[in-house]
Amino acid sequence: MPRQTAADHRAHLALDWAARHGPVSGPLAMATTSMAVATTGALAGMPSGWPLAVGVVGAAAHGVAVGVRKRLGRWSLTTRAAGWLLSSGWTSVVIASEPATWDAATAWTALATLAGITVGVGGAAYASDVHEEAADDARRALEAAMAEAEINRQDWAVIDAWMALIKQVTRVEVAFVGYTPRANGSGFALELSLPIGITSDRIAAYAQAVAEAARLPVGCLVRIERATRQGHVIADVDTRDTSSLTVTYPVHEADQALTVSGPLPIVVDRSGDPISLALREACMLVIGPPGSAKSTLLDGIIATFARCPDVLVWGMDRGKACADMKHWNRPWLEATGRVQPKPGTTRPPGDTQPVMDWLAPNLAAAETMLDAMIAIGEERLKTADNTKLLTVSPQVPMIFGILDEGAEMLAYQGQDPLQNRVRTKIVTVIRTLRAMGIRLILTATDGNLSSIGDSSIRKYSPARIALTATDSEGSSVAKLFGRVPGIDIRQLRSKGSGVVGSVTGDPDTEIPPTAMRTYKTDGINLYNEIAVRTRNFRPTLERAAQEAAGPDYADRWSDANIAQLWSLEASEKSEQSAGGNSDTRTVGGMQIRRTLNLPSSAPESAPQDNPERAERPVQKPSEAPITDAEVSKFISSVEKMLEAEEPQRPEPKENSGPEWLQKAIDAIRERGTTGMKVGEVAELVGLDRKTVRDRLREHGELHYRSNGPHSCYVHRDHI
């Protein structure tokens, strides 16, 4: 008989009496052996207890000891031991009853009993054989899975311990499917198969009990949620407190373009892996009490949007005048020479563009921006090929408006007409402009209706984030997501911690409420790095949308608007240079400053550019401050001297200027009372809007008729 190898997985399944018998030959050999021993023993006068004693020894040695050595299951061990005991017991009874005295009925009864024992043992042996074969296949499949997943003995010890713990706590016989340790060593994930009749929701309810039974450190969570296959769950386990885990925003990846048509990495999970949200059709609601890292979260969102060549970001902030958003455009101001780089830093490349496409620092500007959104949505609706869902691209970009403390704008219940209009227009944008690629991100300090103002905001904001660092009661999570099984809010206390969720209706992009952390954005030159690395990603609003947005959009980065946004910095510099409160006026390119109510200040000299041209009144410490009349008189004298020294320039002719200007004037005259928009003129002459607008404003033959998105230039002949 050829020798069996270890590769033959059935080698250990034989019942292994005297030879390698199977479930049929084994019981038959048992029966014949019992008959032979009974006959011989009766004729030889063998004591009747000897066969039973031999059977007990065989059951213990062969049935149990050998079976355990061969790693057989309890069913096989029972079958083997029962075969020994039943056959030896039958033999002992036969010898004790002296078979030589039997009649025919007694003989047939004994044979029938032996046959029954044989059939019973044979059936049990066959059943145990099938059971052992299935167990062996499962064991081999598990070993193959372990080898494939490179599970070492140490990991297997962890798996065994946690499987036993989960079974003990849940009282459910779950089966092991897979094991994945986290790369940073903070935990692992177990995939489990549930028995029939047990739902994933039932076992998920035990997550916190499992964490406490495991005696995990404070800050560690156990989360049990559905796997990709029904009837399977994933147990995600923290073995180390991840509340202090920080993941720096990956600025080194900023030059890798993203698209809003796919999920965008906004935050990270507790293992440090990105959580990506589908935002093409979603408004987002962010709730974060003061000190919860809401500004850090917004920085991460803006940085991700900046990597999208099909996204424009607008910002509105009536409370802090866009203080948390305007720094994104400082690299552009430094690149264009409007602001000096900070000491020790280099000037960004000259082609650096604004990361924030438009900023509204007050309520009136926010209304103008909302008007522009609505007008753009209406214009896109007229020309869109697919009015159900506009295809956004670098040529027709998505517009995201970030309203810092924007939810509070919705909570206003007073009589101020401006605030009421803003509230109405926010709701209009949220409800009507999804298909046309315009969405809002609103923030609030809490999720109360009194803060959000409109209960439909939650309905129209399927992407939600609740920051929990300073929310001791977890009220923000409850108001955004309701009860979240498996997440103990008490463990989410580190700054930047929270819960994120997104309801999209698509299993591939939908995110159940999940513990998260914001990216770490401080300690790195985030704004400069992102602005420089993504400077080629900045899209331009399509021409029709620019026209719909009106002149306020075209003038958004005029010198006046830039000065308004950075007025605080300008006043600080002015005060530092003046040494106190001052009144500065510009005359002939010179700055004339008058110090106010400073009796202890030193005398101020005349303007440095022209020190000999005028005798400026000098204020002595004991004298009263210079009056407005005296200042006006002084400025008038300076102006007269400058005019006397300045060479007389010929008065420009009305039609002087580049050749295209006359072409534009003639075209506007031909339009009559209808007039022409700046964009139309720019397209006619092949120049940019700013150049055209600056020249048209200076020309005396033209009149600018301001009418919001329909503003235009009209020739004075038709006024």
Side-chain angles (χ1 to χ4, degrees), residues 248-258 295-296 298-315 317 320-361 394 397 402 519-541 553-578 584 586 589-591 608-609 687-691 693-694:
T248 301
Y249 191 89
V251 292
H252 61 283
E253 299 177 1
D255 51 3
Q256 301 174 15
L258 302 173
S295 297
T296 301
L298 290 181
D299 278 342
I301 292 173
I302 294 172
T304 297
F305 283 159
R307 297 172 58 186
C308 299
D310 51 3
V311 170
L312 289 174
V313 188
W314 294 359
D317 181 8
K320 295 175 289 185
C322 294
D324 291 336
M325 290 183 275
K326 68 181 183 180
H327 46 239
W328 280 100
N329 287 357
R330 184 182 179 96
W332 167 63
L333 294 173
E334 293 179 357
T336 55
R338 299 182 182 184
V339 173
Q340 292 301 315
K342 295 180 179 180
T345 63
T346 58
R347 190 180 300 277
D351 58 346
T352 302
Q353 300 295 319
V355 173
M356 300 296 297
D357 185 60
W358 194 5
L359 292 173
I402 299 178
Y519 279 108
K520 181 178 182 291
T521 58
D522 57 345
I524 57 174
N525 193 7
L526 179 69
Y527 317 124
N528 191 74
E529 288 284 340
I530 294 295
V532 171
R533 289 175 179 265
T534 66
R535 63 187 187 277
N536 296 323
F537 294 168
R538 300 282 77 74
T540 302
L541 199 60
Y553 178 76
D555 291 341
R556 65 196 185 282
W557 296 126
S558 66
D559 291 340
N561 286 335
I562 291 175
Q564 180 185 15
L565 279 168
W566 272 266
S567 59
L568 180 60
E569 296 180 9
S571 64
E572 288 175 351
K573 292 179 181 178
S574 176
E575 289 180 11
Q576 291 172 2
S577 62
T584 304
T586 302
M590 297 186 300
Q591 286 192 337
Q608 296 180 1
D609 291 345
L687 295 173
D688 63 277
R689 292 164 54 96
K690 186 177 184 305
T691 301
R693 183 186 297 104
D694 292 342

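All values below were derived from every heavy atom in this structure, side-chain atoms included, with hydrogens, water molecules and symmetry-related copies excluded.
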Identify the heavy atoms of Lys520 and Asp522 that sit nearest to each other, and give their distance. NZ-O, 2.9 Å
Do the side chains of Asp559 and Arg338 get nearer than 4.5 Å, heavy atoms only? yes
Could you tell me whether a side-chain N or O of Thr691 sits under 3.5 Å from a main-chain N or O of Leu687, the two making a donor and an acceptor? no
Could you tell me which non-hydrogen atom of Cys322 sits nearest to which non-hydrogen atom of Ala360, and how far apart they are? SG-O, 3.3 Å
State whether the side chain of Arg307 and the backbone N or O of Thr304 hold a donor-acceptor pair below 3.5 Å, judged by distance alone. no
Any non-hydrogen side-chain atom of Pro250 less than 4.5 Å from a side-chain atom of Tyr519? yes
Using atom types as modelled and distance alone, determine if a side-chain donor or acceptor of Arg533 lies under 3.5 Å from a backbone N or O of Ala254. no
With a 3.5 Å distance limit and no angle check, can you tell me whether Gln353 reaches the backbone of Asp351 through a side-chain donor-acceptor pair? yes
Salt bridge flag under 4.0 Å for residues Asp317 and Lys326: no
Please name the pair of heavy atoms, one in Arg347 and one in Pro341, separated by the smallest distance, quoted to 0.1 Å. NH2-CD, 3.7 Å
If I compare all heavy atoms of Thr352 with all of Pro349, which pair ends up nearest, and what's the gap? OG1-O, 2.7 Å
With side chain to side chain donor-acceptor pair (under 3.5 Å) as the criterion, how do Trp557 and Asn329 come out once you've worked through the C-alpha distance, each side chain's angles and the decisive distance to 0.1 Å? CA-CA 11 Å; Trp557 296 126; Asn329 287 357; over 6 Å; no
Taking the six-membered ring for Trp, are Tyr553 and Trp314 parallel (under 30°), tilted (30 to 60°) or perpendicular (over 60°)? tilted
Checking Phe537 now: which residues fulfil ring pair (Phe, Tyr, Trp, His ring centres under 6.0 Å) with it, not counting sequence neighbours? none
Are the side chains of Pro539 and Leu312 in contact, using a 4.5 Å heavy-atom criterion? yes
Atom CG in Asn528, atom CH2 in Trp328: separation rounded to 0.5 Å? 10.5 Å
Applying side-chain contact (heavy atoms from CB on, under 4.5 Å) to Leu565 and Leu359, what does each step give before you reach the verdict? CA-CA 8 Å; Leu565 279 168; Leu359 292 173; 4.0 Å; yes
For residues Tyr249 and Asp299, is any side-chain donor paired with an opposing acceptor at under 3.5 Å? no
Donor-acceptor pair, distance only, cut-off 3.5 Å: does the side chain of Thr336 make one with the backbone of Trp332? yes
Check whether any side-chain heavy atom of Pro394 sits under 4.5 Å from a side-chain heavy atom of Asp310, and report yes or no. yes
Rounded distance (nearest 0.5 Å) linking atom CG of Asn525 with atom NZ of Lys342: 8.0 Å
Does Arg556 reach the main-chain N or O of Asp357 with its side chain, forming a donor-acceptor pair under 3.5 Å? yes
CD1-CD1 distance between Ile402 and Ile302, expressed to the nearest 0.5 angstrom: 4.0 Å
Do the side chains of Val313 and Val355 get nearer than 4.5 Å, heavy atoms only? no
